[in-house]
Amino acid sequence: MILFKPTLEILFKIKSTAGSLVITPVSWSRYAYTLAFFVLLGCIPSLLIGLTGIGNSNLSVALLAPVLAIGLYGSIRINYDLQWTYLWQTINSLSFSREEIVVEFLAPSTASKRILAVLFGINTRTIGEKMTLPTFALIGYEVIQEQIQNDLYYSLNAFFSVVDNGNEESAIEIPISPRLRKIEEINEFQEMISDYLPTENQ
């Protein structure tokens, strides 16, 4: 059930095929709409009992209590995790295959766009640079920790070997995962993409 899924599965659509893994964003507002629909639907039996006089008030309350508890749980997730995790992303989409890794970055957002995104779930994102890197150039990767405002976020950063115009070799570091609040979800994400990365870098 979507209400209890990990944040990664709520805010991203993960599509796996035999040769690739594609991860695309989903707005936190979808979760909010699903939660509202569930709560409204769950309130119907309790309201019918109360209005028709069938049974008693204790039965009505017993049916309503778990629905309200789930509504409270979902509201807490939205206000303290989902909308902020969605807001602080730097990546829009990711694609992994044995041949290449494609990272689609988000352009920096203005303060007004961030307010609209947080308060109303309006998609104010602008797609920025898109990088395509061959997997054979992958040197390694590591989990990094960032503090944004008062919250900790975790993500996976990869190191790639590149050659510049002067034929000089150097390394670049780019994120290859979303930012998430739980390191356990980053570890699960790392396992998910491991099949598409060179074995020696795992």
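A donor-acceptor pair under 3.5 Å links the side-chain atoms of Thr17 to the main chain of Ser20, judged by distance alone. Arg181 contributes a side-chain N or O that, together with a main-chain N or O of Tyr80, makes up a donor-acceptor pair within less than 3.5 Å. Tyr31 places a side-chain N or O within 3.5 Å of a backbone atom of Leu3 that can act as its donor or acceptor partner. Within the 3.5 Å criterion, the main-chain N or O of Arg179 finds no donor-acceptor partner in the side chain of Ser155. The main-chain N or O of Ile78 is never found under 3.5 Å from a side-chain atom of Trp28 such that the two would form a donor-acceptor pair.
For the atom pair OG1 (Thr24) and CG (Leu11), the distance works out to 11.5 Å, reported to the nearest 0.5 Å. Ile193 CD1 to Ile101 CD1: the interatomic distance, rounded to the nearest 0.5 Å, is 6.5 Å. Between the CG atom in Leu87 and the CG atom in Leu82 there is a gap of 12.5 Å [rounded to 0.5 Å]. Rounded to the nearest 0.5 Å, atoms CZ (Phe38) and CD1 (Ile70) are 4.0 Å apart. Considering OG of Ser177 and OH of Tyr141, their distance stands at 11.5 Å, rounded to 0.5 Å. In this structure, Ser29 OG and Leu35 CG are separated by 12.5 Å, a value rounded to the nearest 0.5 Å.
For the salt bridge (charged side-chain N to carboxylate O under 4.0 Å, His left out) condition, no pair includes a residue of residues 68-86, sequence neighbours left out.
Under the 4.5 Å side-chain criterion, counting only non-hydrogen atoms from C-beta, Glu99 is not in contact with Pro134. Counting heavy atoms from C-beta outward, Cys43 and Leu64 have side chains that approach closer than 4.5 Å. Two residues are said to be in side-chain contact when any heavy atoms from C-beta on lie closer than 4.5 Å; Gln83 and Asn79 meet this criterion. Glu146 is not listed as a side-chain neighbour of Tyr154, based on a closest heavy-atom distance of 4.5 Å or more. Looking at Met131 and Ile172, their side chains come closer than 4.5 Å, going by heavy atoms from C-beta outward.
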Between Tyr153 and Gln147, does a side chain to side chain contact (heavy atoms under 4.5 Å, CB included) hold up when you go through it step by step?
CA-CA 6 Å; Tyr153 289 86; Gln147 182 163 341; over 6 Å; no
What verdict does the side chain to side chain contact (heavy atoms under 4.5 Å, CB included) test give for Thr90 and Leu106, after you've listed the backbone C-alpha separation in whole Å, the side-chain angles of each residue and the deciding distance to 0.1 Å?
CA-CA 5 Å; Thr90 57; Leu106 291 167; 5.9 Å; no
Applying side chain to side chain contact (heavy atoms under 4.5 Å, CB included) to Lys15 and Leu21, what does each step give before you reach the verdict?
CA-CA 6 Å; Lys15 185 178 179 182; Leu21 182 73; over 6 Å; no
Apply side chain to side chain contact (heavy atoms under 4.5 Å, CB included) to Lys130 and Asn92, showing your working.
CA-CA 10 Å; Lys130 190 176 190 177; Asn92 186 59; over 6 Å; no
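Using modelled atom types, one finds a donor on one side chain and an acceptor on the other under 3.5 Å when comparing Glu173 with Asn157. At a cut-off of 3.5 Å, with distance as the only test, no side-chain donor of Glu100 or Thr135 sits close to an acceptor on the other residue.
The shortest heavy-atom contact between Gln89 and Thr85 is NE2-O, 2.8 Å. Between Val67 and Val39, the closest heavy-atom pair is CG1-O, 3.6 Å. Heavy-atom minimum distance, Ala171 versus Ile139: CB-CD1, 4.0 Å. The minimum heavy-atom distance between Ser93 and Pro25, with the atom names listed, is CB-CD, 4.4 Å. Nearest approach of Lys5 to Ile10, heavy atoms of both residues: O-CD1, 3.3 Å. Between Val143 and Gln190 the shortest heavy-atom distance is CG2-OE1, 4.0 Å.
A side-chain contact (heavy atoms from CB on, under 4.5 Å) with Leu133 is found for exactly one of Ile176, Ile174, Val102, Leu138, namely Ile174.
Tracing side-chain contacts under 4.5 Å through hydrophobic residues (I, L, V, M, F, W, Y), one never reaches Val22 starting from Ile127; they form parts of separate clusters. Hydrophobic cluster membership is shared by Ile183 and Leu8, with clusters built from Ile, Leu, Val, Met, Phe, Trp and Tyr side chains linked at under 4.5 angstrom. A chain of hydrophobic side-chain contacts below 4.5 Å, direct or via other Ile, Leu, Val, Met, Phe, Trp or Tyr residues, connects Ile23 to Phe105. Hydrophobic clustering (side-chain heavy atoms under 4.5 Å, transitive across Ile, Leu, Val, Met, Phe, Trp, Tyr) groups Tyr196 together with Val103. By the criterion of side-chain heavy atoms lying less than 4.5 angstrom apart, applied directly or through intervening Ile, Leu, Val, Met, Phe, Trp or Tyr residues, Leu152 is not grouped with Ile76; the two fall into different hydrophobic clusters.
Under a cut-off of 6.0 angstrom, the local environment of CZ in Phe4 is crowded, with over 12 non-hydrogen atoms contributed by other residues, nucleotides or ligands.
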